[in-house]
2 protein chains.
Amino acid sequence: MISLNYRDSRPIYEQIKDELRKLIVTGAMSADEKLPSVRALASQLAINPNTIQRAYNELESEGYIYSVPGKGSFASADAGTDGARKEELLAKVQELVKELRYLGVTHEDLLALLEEGKEHD
Amino acid sequence: MISLNYRDSRPIYEQIKDELRKLIVTGAMSADEKLPSVRALASQLAINPNTIQRAYNELESEGYIYSVPGKGSFASADAGTDGARKEELLAKVQELVKELRYLGVTHEDLLALLEEGKEHD
DNA sequence: TTAACTGTATTATCCGTATTAGTACAGTTA
DNA sequence: TAACTGTACTAATACGGATAATACAGTTAA
């Protein structure tokens, strides 16, 4: 379900946050679905429970999951609703596109890239 | 010329690398143009020369600049030619676009984003 | 030739933070 | 009751970013 890359310079809890956020936001994990317990995920990944707890804590304060003491942690129904992350991602895309253009990537190349992953809408 | 953001969690030498790479790749700095000396830039930014040296070292091994002992460091003529960075950036864009779609950003929104920064080609 | 510049290299140290470790407490559930 | 859940806290460790202080060799201009 989750995999870690120890060559990645980013902290483990950041990697976990990103992977879980992706699962939730993409619908791979449905609303109110139970996440692995802090201890279970920690033992599965062979890392310390505190590291998982930190990831869960931050995901909760960002609105992606909610935790119920004694019960577990669950995917939020309204995950990523506030639009803050959307703005963040859009800004990143603009930065990247800007540099790509200077690197010689044409407008058509970029359009093709978009069409590639279209599928529905 | 270069500015630092100490609130940014990324290391200073990474920020410097990014800014310089952008200047070179965008043509804001022309081929074989001399970069500030290690010591000059360090004193301008009020940081340690070793930090600048690290940024320069890595930029050189990535092909964006070349250094001549005793003379200085200069922008490479064929900066970013190998395409490795291009691939890296394209992959990032795809990742971001994928998540943006799940967040409800429409295909049209993304197209608009591209048109926005078009200008030439 | 001298003085001031350049890049490069080396070593030691400080400090923040990611991570681990260990423990404890309270609510939930079978 | 026993085994699970999230949560909280403190302490210790480890690693990497950044600084500090030098030193050396090549370049350049006075």
Side-chain angles (χ1 to χ4, degrees), chain A residues 1-21 24 29 31-77 79, chain B residues 1-21 24 29 32-76 79:
Chain A
M1 187 183 198
I2 302 278
S3 67
L4 297 181
N5 176 14
Y6 285 98
R7 290 169 211 163
D8 194 329
S9 67
R10 294 179 321 158
I12 294 177
Y13 75 88
E14 287 281 2
Q15 294 183 44
I16 293 173
K17 281 180 62 181
D18 280 355
E19 297 210 32
L20 287 178
R21 184 168 35 221
I24 294 168
M29 178 160 300
D32 301 316
E33 185 176 342
K34 190 174 182 304
L35 277 73
S37 78
V38 168
R39 291 172 180 79
L41 186 51
S43 108
Q44 174 193 324
L45 297 178
I47 62 176
N48 195 282
N50 292 338
T51 304
I52 305 293
Q53 195 199 343
R54 173 157 185 183
Y56 279 18
N57 272 340
E58 300 196 2
L59 283 174
E60 178 166 26
S61 67
E62 290 169 15
Y64 289 94
I65 71 175
Y66 61 93
S67 295
V68 184
K71 299 197 66 173
S73 300
F74 308 85
S76 279
Chain B
M1 189 183 198
I2 302 279
S3 68
L4 297 180
N5 176 13
Y6 285 98
R7 292 170 211 164
D8 194 329
S9 67
R10 294 179 320 158
I12 293 178
Y13 76 89
E14 286 281 1
Q15 294 184 43
I16 293 173
K17 281 181 61 181
D18 280 355
E19 297 209 33
L20 287 178
R21 183 167 37 220
I24 293 167
M29 178 160 300
D32 301 316
E33 185 176 341
K34 190 174 182 304
L35 277 74
S37 78
V38 169
R39 292 172 179 80
L41 186 51
S43 109
Q44 175 193 324
L45 297 178
I47 61 176
N48 194 283
N50 293 339
T51 305
I52 305 292
Q53 194 196 343
R54 174 159 185 184
Y56 279 18
N57 271 340
E58 300 197 1
L59 283 174
E60 177 166 24
S61 68
E62 290 167 16
Y64 290 94
I65 70 176
Y66 62 92
S67 295
V68 183
K71 299 197 64 173
S73 299
F74 308 85
S76 279

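Throughout, protein chains are lettered first and strands after them, A, B, ... in sequence-line order, and every chain is numbered starting at 1.
Between N48(A) and S37(B), the residue whose closest nucleotide on DNA chain C is further toward the 5' end is S37(B). Along DNA chain D, the nucleotide nearest to Y56(A) and the one nearest to N50(A) differ in position, and the one closer to the 5' end is contacted by Y56(A).
Under a 3.5 Å cut-off, the side chain of Q15(A) and the backbone N or O of N5(A) do form a donor-acceptor pair. Distance alone, capped at 3.5 Å, is enough to place a donor-acceptor pair between the S76(B) side chain and the G63(B) backbone. In this structure, the side chain of E60(B) engages the main chain of S67(B) through a donor-acceptor pair within 3.5 Å.
Here chain A contacts DNA chain C (any atom closer than 4.0 Å to a heavy atom, that is under 4.0 Å), and the contacts span dA18(C) to dT29(C) from 5' to 3'.
The nucleotide whose nearest atom lies closest to any side-chain atom of K71(B) is, among dT28(D), dT19(D), dA8(D), dT28(D).
The interatomic distance linking D8(A) (CG) with dG16(D) (P) rounds to 13 Å, in whole Å. In this structure, the NZ atom of K34(A) is 10 Å from the C1' atom of dG6(D), given to the nearest Å. Nucleotide dG6(D) holds its C1' atom 11 Å from the CD1 atom of I65(A), rounded to whole Å. Look at OH on Y13(A): it is 18 Å from P on dC15(D), rounded to the nearest Å. Atom CG in L41(A) sits roughly 17 Å away from atom C1' in dT7(D) (whole-Å rounding). dT7(D) atom P lies 13 Å from atom OH of Y66(A), rounded to whole Å. We find that CD1 of I12(A) is positioned 12 Å from C1' of dA14(D), with the value rounded to whole Å. Atom CD of Q53(A) is separated from atom P of dT10(D) by 14 Å (rounded to the nearest Å).
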_Under the 3.5 Å Watson-Crick or G-U criterion, the dot-bracket string of DNA chain C, with | for inter-strand pairs_ = ||||||||||||||||||||||||||||||
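Among the atoms of the strands shown, only primed sugar atoms or phosphate atoms (P, OP1, OP2) are found under 4.0 Å from some heavy atom of E60(A). If you check every strand for non-hydrogen atoms under 4.0 Å, R39(A) touches a base. Among the protein residues, S9(A) comes within range of no part of the nucleic acid, since none of its heavy atoms lies under 4.0 Å from any strand.
Contact annotation: the side chain of Y64(A) never approaches that of L20(A) to less than 4.5 Å [non-hydrogen atoms, C-beta and beyond].
The two residues K71(B) and K34(B) come nearest to each other via the heavy atoms O-CE, 3.5 Å.
For S67(A) and dT7(D), the shortest distance from a side-chain N or O to OP1 or OP2 is below 4.0 Å.
Going from atom CG of D32(A) over to atom CE of M29(A) covers 12.0 Å, rounded to the nearest 0.5 Å. For the atom pair I52(A) CD1 and I16(A) CD1, the distance stands at 3.5 Å (nearest 0.5 Å). Taken from CD in Q53(B) to CD in E58(B), the straight-line distance is 11.0 Å, to the nearest 0.5 Å. The CG atom of L4(B) sits 7.0 Å away from atom CD of E19(B), with the distance rounded to the nearest 0.5 Å.
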*Between E14(A) and D8(A), does a side-chain contact (heavy atoms from CB on, under 4.5 Å) hold up when you go through it step by step?*
CA-CA 10 Å; E14(A) 287 281 2; D8(A) 194 329; over 6 Å; no
